[in-house]
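Before any comments, here is the structure.
So you know, we letter chains A, B, ... as the sequences are listed, proteins then strands, and number each from 1.
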Amino acid sequence: MLERVKQDLRRELKKALINSGVVEAEIPEIVFETPKHVKFGDLSSNIALWAAKKLKKDPRAAANDLLTALKFDRAMISRVEPAGPGFINFFLAESYLYALIKKAAAGEKFYTSNAGGGKSVNLEFVSANPVGPLNVVNARAAAAGNVICNLLKNAGFLVTKEFYINNVGVQTNTFGRSISLRYLEALGQKIEFPEDCYGGEYVKEIAKTFIEKEGSKYLSLTEEERIAVFKPAGVQLMLDWQEKSLKNYGVEFDIWFKESELHEKKELTRAFKVLEEKGMTKEEEGARWFTSTAVLNKEGNPVDDKDRVLIKSDGTPTYLLPDIAYHFSKISRGFDYIIDILGPDHHGYIGRISAAVSIGGLPLENFRILIAQQVNLLKDGKPFKMSKRQGNFISMDELVEEVGPDAAKYFFLRRSLDSHLDFDIDLAKKQTDENPVFYVQYAHARICNVIEFAKTSGIKEPELDTVNYALLASPEEAGLMRKVACFADTLQHAALNYDPHLVPKYIEELAQLYHSFYARHRVVSEDKELSAARLALCLGTRNIIRAGLEILGVTAPAKM
RNA sequence: GCGCCCGUAGCGCAAUUGGAUAGAGCAUCUGGCUUCGAACCAGAAGGCUGCAGGUUCAAGUCCUGCCGGGCGCACCA
């Protein structure tokens, strides 16, 4: 919607630029920003500042010249003016805003875009090892991944949400061994539980369920045989648990991809061969290496700082090889874009995986690794780490149980993904004005109540085609309409930059504007025409708050 | 030592990716319910953006060097 206005302006500005003597090929993509101050209009462009340099003119003069040559559609833009050091500010026409609020009130999804053009995206996130319950960083990644998916879909991408299961390797073996030891222990044997085994209570519980179901029949087996039984069964239990935790949290995946599948299909060997054929391997010190430092980015710098071992001198592969094979699998499945959300302990992998993906044939700019940074839980202002049930860390389930899925997700999403986050448990639980989740949910509930009140007061639902929107003339009303108008912009910006935290910010601002409007103006009054116009504004605002919360995966209750 | 994240109001954070007078919230102070939800609103106060240079019409944002905090470094996964 607003994108169309921008398209038109872009085209006309380009004409005006060429007119004033700029070479067409040199013109950069003309971008608009929404200024911080209303007095600077609704859209702003700095293109005159750029042109001034090219034409060796005074920036103000360049802006003026552009303006005299510029044609624009009065139905969308009411006013254009030069400002400051050479900005050009555009003011949206009232009629344009009225049309938008009408769409919003009618519940039309005017905020979708086709920036993605139907391109496909593989979005991998959480991908926790199936040897324990999900933790709070997993919860953060889950919240963010889900929103990035929603945002990309809203922007016209086709998104597949994928969870990678590391069900092969040392960790799962250790897990099987841990269960085996707890099994013996529960049956009265003296055991020594090693440091490197999984010490969580849940391992004991798993061992107990085996005893409850099948008694002591595994006692007679060798440890190796017992592990062979417990490992796959335990992994399956963990997977079921993780899936249940995520579902309870409101996050579901399209594909659960097992590492074992790569081994069964000989994908590791194949991936190695691909690297070898492209001349990206070397042999040194008895090991086979991936010469990842030979892969250069656009600036001509290596994307990785060290070459990496693929096959150790003892002939076994490192973890990197299956990871490469996995990414090759994603590429061969035909995705246009691949995005991984990894935990804080994985930021060292960005280089090597990027290098591999590039060799696998996906352009580097179509691959992105996002890091879900560390989460520090705080309670009573102090770090909160110990869990009663796990002994070593707070699980995602415990956090969600404590503060509820809405607050948990909302708090994770307010901060950008790759920054450290202090999560204040007390604040998230508070049902007061200190808690931003309640602020926006309250605004939504309040609007619902006003709409309900209008109904019971005998005010008919406004006929959106005949509403006199020009009555919405106060600064509060105008501010609300302008905010509604840039929802689409916010969503698109958040999508293209993988930046979910812009959405909570936007709806908090929208809620704030609504509360301010509500405090100053009565919606339902004797004046039927005015009531209808304000109701339309209420409907529109409510729909946008609801849509924003829906993208965040947070509920929008009508009463609270 | 190398790499990543961070340093902005008392606190926890924003700042449209280089734009105009650095912004909202909480906490503090002042005022506002006899009418649609006061879980709200209006106002006040609060700043050398860690420090020092540099790049340019323009720097919280980019470059260089320091200072401080967090995380990570493997032929482990």
Original post:
What is the base-pairing partner of A42(B), counting Watson-Crick and G-U wobble geometry with both distances under 3.5 Å?
Top reply: U30(B)
Subject >> Interatomic distance at P, A39(B) relative to G23(B), whole Å >> reply: 30 Å
**OP:** Check every strand shown and say whether Ala443(A) touches a base, only sugar-phosphate, or nothing at a heavy-atom separation below 4.0 Å.
**Re:** nothing
Subject >> Under-3.5 Å donor-acceptor pair between Asp305(A) side chain and G3(B) base >> reply: no
Original post:
Can you find a heavy atom in the side chain of Ser329(A) that is under 4.5 Å from one in the side chain of Phe257(A)?
Top reply: yes
**OP:** Mind checking Ser313(A) for me? I need base, sugar-phosphate or nothing, with any heavy atom below 4.0 Å counting as a touch.
**Re:** base
Subject >> Spacing of the P atoms in G7(B) and C51(B) (rounded, Å) >> reply: 13 Å
Original post:
Looking only at heavy atoms, what is the nearest atom pair of Phe453(A) and Arg522(A), with distance?
Top reply: CE2-NH2, 3.9 Å
Original post:
NA contact type, Ser44(A), heavy-atom cut-off 4.0 Å: base, sugar-phosphate, or nothing?
Top reply: base
**OP:** Report which part of the nucleic acid Ala494(A) touches: base, sugar-phosphate, or nothing (heavy-atom distance under 4.0 Å, all strands).
**Re:** nothing
Original post:
Is Glu452(A) touching bases, backbone alone, or none of the nucleic acid, heavy atoms closer than 4.0 Å?
Top reply: nothing
Subject >> Asp305(A) with Arg308(A): basic N within carboxylate O range, under 4.0 Å >> reply: yes
Original post:
Which nucleotide in the list A20(B), C75(B), C36(B) gets nearest to the side chain of Phe453(A)?
Top reply: C36(B)
**OP:** Could you please name the partner base of G68(B), counting Watson-Crick and G-U wobble pairs only when both distances are under 3.5 Å?
**Re:** C6(B)
**OP:** Using only heavy-atom distances, decide whether a donor-acceptor pair under 3.5 angstrom links the side-chain of Asn89(A) to the base of A20(B).
**Re:** yes
**OP:** Figure out the CG/P separation between Asp499(A) and U17(B), and round it to whole Å.
**Re:** 11 Å
Original post:
Is the shortest distance from a Lys or Arg side-chain nitrogen in Lys57(A) or Asp65(A) to a carboxylate oxygen in the other one below 4.0 Å?
Top reply: yes
**OP:** Calculate the interatomic distance between Leu513(A) atom CG and G23(B) atom C1'; express it in whole Å.
**Re:** 14 Å
**OP:** Output, in order, the C-alpha distance, side-chain angles, deciding distance and verdict of side chain to side chain donor-acceptor pair (under 3.5 Å) for Arg542(A) and His444(A).
**Re:** CA-CA 6 Å; Arg542(A) 183 200 62 183; His444(A) 179 266; 5.0 Å; no
Original post:
Starting at NZ of Lys36(A) and ending at P of A22(B), how long is that distance when rounded to a whole Å?
Top reply: 8 Å
**OP:** Round to a whole Å and report the spacing from CG of Asn435(A) to P of A24(B).
**Re:** 21 Å
Subject >> Nearest-angstrom distance from the residue atom CD of Gln374(A) to C1' of G69(B) >> reply: 11 Å
Subject >> Separation of Asp489(A) CG from Glu33(A) CD (nearest 0.5 Å) >> reply: 11.0 Å
**OP:** Remember a base hit wins even if backbone is also touched, and classify His420(A) as base, sugar-phosphate or nothing at under 4.0 Å, heavy atoms.
**Re:** base
**OP:** Ignoring the backbone of Leu49(A), work out which of U17(B), A42(B), C57(B) is nearest its side chain.
**Re:** C57(B)
Original post:
When we call it a touch if two heavy atoms are under 4.0 Å apart, what does Lys455(A) touch: a base, just sugar-phosphate, or nothing?
Top reply: nothing
Original post:
So which one's nearest nucleotide on RNA chain B is more toward 5', Thr318(A) or Pro344(A)?
Top reply: Pro344(A)
**OP:** Verify side chain to side chain donor-acceptor pair (under 3.5 Å) between Thr316(A) and Asp314(A), making sure each step is shown before the conclusion.
**Re:** CA-CA 6 Å; Thr316(A) 59; Asp314(A) 66 4; 2.7 Å; yes
Original post:
Within the structure shown, what part of the strands sits under 4.0 Å from Arg414(A) by heavy-atom distance: base, sugar-phosphate, or nothing?
Top reply: nothing
Original post:
Given that both distances must come in under 3.5 Å, which nucleotide forms a Watson-Crick or G-U wobble pair with A22(B)?
Top reply: none
Subject >> Ring centroid separation Phe125(A) to Phe163(A) under 6.0 Å >> reply: no
Subject >> Sugar-phosphate only, base, or nothing, as touched by Glu284(A) at under 4.0 Å among non-hydrogen atoms >> reply: base
**OP:** Please list residues of residues 520-529 of chain A whose heavy atoms come under 4.0 Å from any atom in RNA chain B, ordered by number; otherwise none.
**Re:** Arg520(A), His521(A), Arg522(A), Val523(A), Val524(A)
Original post:
Can you find a side chain N or O atom of His501(A) that sits less than 4.0 Å from OP1 or OP2 on A15(B)?
Top reply: yes
**OP:** Identify whether any heavy atom of Ser531(A) sits under 4.0 Å from a base atom; if not, whether one sits that close to sugar-phosphate; answer base, sugar-phosphate or nothing.
**Re:** nothing
Original post:
Looking for any heavy atom pair under 4.0 Å, which part of the strands does Ala83(A) touch: base, sugar-phosphate only, or nothing?
Top reply: base
Original post:
For Glu509(A) and A15(B), what is the distance between atoms CD and P respectively, to the nearest whole Å?
Top reply: 11 Å
**OP:** Answer syn or anti for C4(B), where the cut-off is 90° from 0 on the glycosidic torsion.
**Re:** anti
**OP:** Take the protein atom CG of Leu43(A) and the nucleotide atom P of A20(B), then report the distance between them rounded to whole Å.
**Re:** 16 Å
Subject >> Ring-face cation of Arg79(A) near Phe91(A) (centre distance under 6.0 Å, axis angle within 45°) >> reply: yes
Original post:
How far does the P atom of A15(B) sit from the matching atom of C62(B), given to the nearest Å?
Top reply: 13 Å
**OP:** Write down the partner of G1(B) under the Watson-Crick or G-U wobble criteria, each distance required to be under 3.5 Å.
**Re:** C73(B)
**OP:** Assign each of Leu320(A) and Phe40(A) to its nearest nucleotide of RNA chain B by heavy atoms, then name whichever residue's nucleotide is nearer the 5' end.
**Re:** Phe40(A)
Original post:
Is U8(B) in the syn range, within 90° of 0, or in the anti range?
Top reply: anti
Original post:
Under 3.5 Å, is there an N or O donor on one side and an acceptor on the other linking the side chain of Ser516(A) and the base of A42(B)?
Top reply: no
**OP:** Using the six-membered ring wherever Trp is involved, compare the ring planes of His327(A) and Phe367(A) and label them parallel, tilted or perpendicular (cut-offs 30° and 60°).
**Re:** perpendicular
Original post:
Which whole number of Å gives the distance between the C1' atom of U28(B) and that of G68(B)?
Top reply: 29 Å
**OP:** Identify whether any heavy atom of Asp418(A) sits under 4.0 Å from a base atom; if not, whether one sits that close to sugar-phosphate; answer base, sugar-phosphate or nothing.
**Re:** sugar-phosphate
Subject >> C1' atoms of U8(B) and G1(B), separation to the nearest Å >> reply: 30 Å
**OP:** Pick base, sugar-phosphate or nothing for Asp323(A), based on heavy-atom distances below 4.0 Å to the nucleic acid.
**Re:** nothing
Original post:
Paired with G53(B): which nucleotide, if any, by Watson-Crick or G-U wobble criteria at under 3.5 Å for both distances?
Top reply: C63(B)
Original post:
For His346(A) and C5(B), what is the distance between atoms NE2 and C1' respectively, to the nearest whole Å?
Top reply: 17 Å
Subject >> Whole-Å P distance, C41(B) and G47(B) >> reply: 24 Å
Subject >> Note, Leu417(A) side chain near Gln373(A) side chain (heavy atom, < 4.5 Å) >> reply: no
Subject >> Nearest-Å distance once atom P is located in both G60(B) and G18(B) >> reply: 13 Å
